[in-house]
Amino acid sequence: MAAVTALPVSLSARFKGSFAYFTVKDRLPQILTKAIDTLHRHKNEFFEEHGEKGVEAEKRAISFLSKLRNELQTDKPVTPLEDELPDAALWNQYLDYQRNLLNGNGEPSWFQSPWLFVECYMYRRIHAALAQNPPIGSFDVFKEGKAQNFFESQEAIIALCTYFQELLKNIKDLDEKQLQGELFKLLQVSLWGNKCDLSFSAGEKSSQKSSPLQCLEDMVPYIIVNDMEKLWSLLINAKKRNTDKCTVRVDVILDNAGFELVSDLVLTDFLLSSKLADEVHFHGKSIPWYVSDTTKNDFNWTIKQLQSANHMWMSRCGINWEGNLKKGVWVYQDHMFWTLPHIYSSMAEVAPDLYADLQKSNLLLFKGDLNYRKLTGDRKWEYTVPFHQALNKFHPAPLCSLRTLKSDTQVGLKPGQGEQIQASEPEWMISGKYGIVQFDATP
Ligand code: F6P
Ligand code: MG
């Protein structure tokens, strides 16, 4: 019989001094405070739009969020959801599961439970604070920050769109080597685009200021797992095999709106324009999530902004992308699974429809830190554990994570590699300075 190896423990705020501890103690309350401030600042707007009812709803939402902040800061048990939103039952089942793990030794609380669970739970409660309070139910407390990130990254977006539109002019004449070079560049822009997230900076500004293409060479040493060659092989082989006109489908499990989203859209436009792919499916969040994650509104808003921009190449990108959506070669989807607390090894069981859909893809690109945590289970893995092992049977299709390190979990390193970086840079796992392009093709 094959030996069953126990999984390492989950990251949790119960480990004092860990990044999870500081996040639950400081960063999450800061995010809640900002959300409360945002609602305060929009009071007049709610009044103008909905009269007294709008102001009453705002007050109720604020008191719900203040209560939530208090529960968190005083390490209260995580309470079942009381709303009737479509995912409430799944959440409460998950809470029962966490409770059962304690074997009667108390209730799951904010500082004692797995970090991933309580952090996701906070965003779900923020959503409930609004959703339960019509007429302001669809107000996104994070929208302003996401828009600000987009506007502050304007220069970088212009540089990227201009580079890309120039590239398109002669993309048909590129030989394989050149095509590979361009793919690697745009993969790296998309990878480093992941530095710009607002949950990491507790909602403070985090935009792309400089040209995203200029310093790529200098940043190569910071890609500590670099499987770009493997990605290239997969894509070019699929293209060569594709003489029988089967569709090559790539799925992008999106992360942050703002500059990162634009970098993802450029990358996927390149895949279509170079005929490395025929169809791209984007997976966004169905509710506001981790401050800067992309919702359907953010996705459409971004394309509209580009379209109407006062810059020729920016607007050309926007117009082309709107066209891709109309033609159906780009598809935006969201599924509630992406905003549940479950790790991806549970997807086949919890969301079999989504798993079956992903199985139709030739390649899944998972953007960002949170996706990596959910791929690998958010555990204290040894650095050298193979990525495939940490995925724990999650394998709908070949997949690749593009992530800058912003939480202290990492697998698939060479022996001694993690320790060596640690010796000179103790913050290497949480600074966003290092990145990975980590691929797994094995079923
Ligand atoms: O709260 C921390 C965190 O989950 C980190 O893991 C990460 O820094 C951030 O939020 C989300 O990062 P990303 O947008 O890359 O998923
Ligand atoms: Mg994010």
Would you check, one step at a time, whether the test side chain to side chain donor-acceptor pair (under 3.5 Å) holds for T409 with R379? CA-CA 7 Å; T409 184; R379 298 180 180 280; over 6 Å; no
Would D293 and W338 satisfy side chain to side chain contact (heavy atoms under 4.5 Å, CB included), going step by step from the backbone distance to the final call? CA-CA 11 Å; D293 284 15; W338 303 117; over 6 Å; no
Show, in sequence, the C-alpha distance, side-chain angles and deciding distance for E427 and K433, and conclude whether the salt bridge (charged side-chain N to carboxylate O under 4.0 Å, His left out) test is met. CA-CA 9 Å; E427 304 275 273; K433 178 174 167 185; over 6 Å; no
Could you walk me through whether D83 and R124 pass the salt bridge (charged side-chain N to carboxylate O under 4.0 Å, His left out) test, one step at a time? CA-CA 11 Å; D83 56 65; R124 176 56 175 76; 2.9 Å; yes
What's the verdict on salt bridge (charged side-chain N to carboxylate O under 4.0 Å, His left out) for K367 and D264, showing C-alpha distance, side-chain angles and the deciding distance? CA-CA 9 Å; K367 289 298 316 282; D264 299 336; 2.6 Å; yes
Would you please test Q333 and D357 for side chain to side chain donor-acceptor pair (under 3.5 Å) and show each step? CA-CA 11 Å; Q333 334 180 179; D357 182 40; 3.0 Å; yes
Assess the residue pair Q154 and I158 against the criterion (side chain to side chain contact (heavy atoms under 4.5 Å, CB included)); give the C-alpha distance rounded to whole Å, side-chain angles, the decisive distance to 0.1 Å, and a yes or no. CA-CA 6 Å; Q154 190 86 349; I158 289 179; 4.3 Å; yes
Could you walk me through whether E119 and R373 pass salt bridge (charged side-chain N to carboxylate O under 4.0 Å, His left out), step by step? CA-CA 12 Å; E119 196 174 36; R373 293 171 59 194; 2.9 Å; yes
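Between I136 and L130, the shortest heavy-atom distance links the atoms O-CD1, 3.6 Å. Heavy-atom minimum distance, F259 versus A156: CE1-CB, 3.8 Å. Shown here for L216 and P212, the closest heavy-atom pair between the two residues is CD2-O, 3.5 Å. Of all heavy-atom pairs spanning G368 and E260, the tightest one is N-OE2, 4.5 Å. When all heavy atoms of L306 and G318 are compared, the closest pair comes out as CB-CA, 3.8 Å. For the pair D75 and F111, the tightest heavy-atom approach, listed with the atom from each and the gap, is OD1-N, 2.8 Å.
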Hey, can you pull the donor-acceptor pairs under 3.5 Å for the side chains in residues 389-397, sequence neighbours left out?
{"from": "H395", "atom 1": "NE2", "to": "D440", "atom 2": "OD2", "distance (Å)": "3.2"}
{"from": "H395", "atom 1": "NE2", "to": "T442", "atom 2": "O", "distance (Å)": "2.7"}

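Remark: the N133 side chain and the R60 side chain contain an N/O donor-acceptor pair separated by less than 3.5 Å. Residues H42 and E58 bring no donor and acceptor atom of their side chains to less than 3.5 Å of each other. One side chain, D255 or N194, offers a donor N or O that lies under 3.5 Å from an acceptor on the other. Between the side chains of S361 and D251, a donor-acceptor pair is found at a separation under 3.5 Å. For H281 and E279, the side-chain atoms include at least one donor-acceptor pair closer than 3.5 Å. D369 and S407 share a side-chain donor-acceptor pair at under 3.5 Å. Looking only at atom types and distance, the side chain of W321 has a donor-acceptor partner in the side chain of D269 under 3.5 Å away. Between Q98 and Y94, the side chains place a donor N or O and an acceptor N or O closer than 3.5 Å (distance only, hydrogens not considered). One side chain, Q422 or W428, offers a donor N or O that lies under 3.5 Å from an acceptor on the other. Side-chain contact of Q410 with Y434: a donor-acceptor pair under 3.5 Å is absent, judged by distance alone.
Separation of the W301 and F150 ring centroids falls under the 6.0 Å cut-off. Aromatic pair Y121/W110: ring centres closer than 6.0 Å. Between F299 and Y332, the ring centre distance stays below 6.0 Å. Taking the six-membered ring for Trp, F19 and W115 have ring centres closer than 6.0 Å. Checked against a 6.0 Å centroid threshold, the rings of F46 and F139 count as neighbours.
At a threshold of 4.5 Å between non-hydrogen side-chain atoms, the residues W289 and T294 do not count as touching. With a 4.5 Å cut-off on side-chain heavy atoms, T384 and Q417 do not count as touching. Considering only heavy atoms from C-beta on, V78 comes within 4.5 Å of F117 through its side chain.
For the ring-ring contact (aromatic ring centres under 6.0 Å, His included) with F366, the lone residue among F439, Y372, Y344 that qualifies is Y344. When each of L364, L235, N362 is checked for a side-chain contact (heavy atoms from CB on, under 4.5 Å) with V250, only L235 meets the rule. Here the options are V225, L399, N226, L413, the test is side-chain contact (heavy atoms from CB on, under 4.5 Å), and the partner is Q438; only V225 passes. Partner K146 forms a side chain to side chain donor-acceptor pair (under 3.5 Å) with one of D140, N256, T302 and no other, that one being D140.
Salt bridge status for D298 with K143: present, with a side-chain N to carboxylate O gap under 4.0 Å. A salt bridge links K304 with E322: at least one charged nitrogen is closer than 4.0 Å to a carboxylate oxygen. With respect to the salt-bridge test (charged N to carboxylate O, under 4.0 angstrom), the residues R99 and D96 qualify. Salt bridge R41/E144: present, at least one basic N to carboxylate O contact under 4.0 Å.
Of the possible donor and acceptor atoms, none in the side chain of T404 sits under 3.5 Å from a partner among the backbone N and O of G435.
For the atom pair OG of S18 and NZ of K25, the computed distance is 11.5 Å after rounding to the nearest 0.5 Å. In this structure, OG1 on T247 lies 10.0 Å from CZ on R249, to the nearest 0.5 angstrom. Here the CG atom belonging to D87 is positioned 11.5 Å from the CD atom belonging to Q93, to the nearest 0.5 angstrom. A distance of 4.5 Å separates OH of Y290 from CG of L370, quoted to the nearest 0.5 Å. Rounding to the nearest 0.5 Å gives a distance of 7.5 Å between CD1 of I343 and OG of S10. How far NE2 of H335 is from CG of L340: 8.5 Å, rounded to the nearest 0.5 Å.
For the pair K380 and F15, the cation sits on the ring face: its NZ or CZ lies under 6.0 Å from the ring centre, inside 45° of the axis. Judged by the 6.0 Å distance and 45° axis criteria, R125 is not positioned over the aromatic ring of W91.
More than 12 non-hydrogen atoms from other residues, nucleotides or ligands lie less than 6.0 angstrom from OH of Y355. Crowding of F151 atom CZ: a count of heavy atoms from other residues, nucleotides or ligands under 6.0 Å exceeding 12. Within 6.0 Å of the CD atom in E82, the count of heavy atoms belonging to other residues, nucleotides or ligands does not exceed 12.
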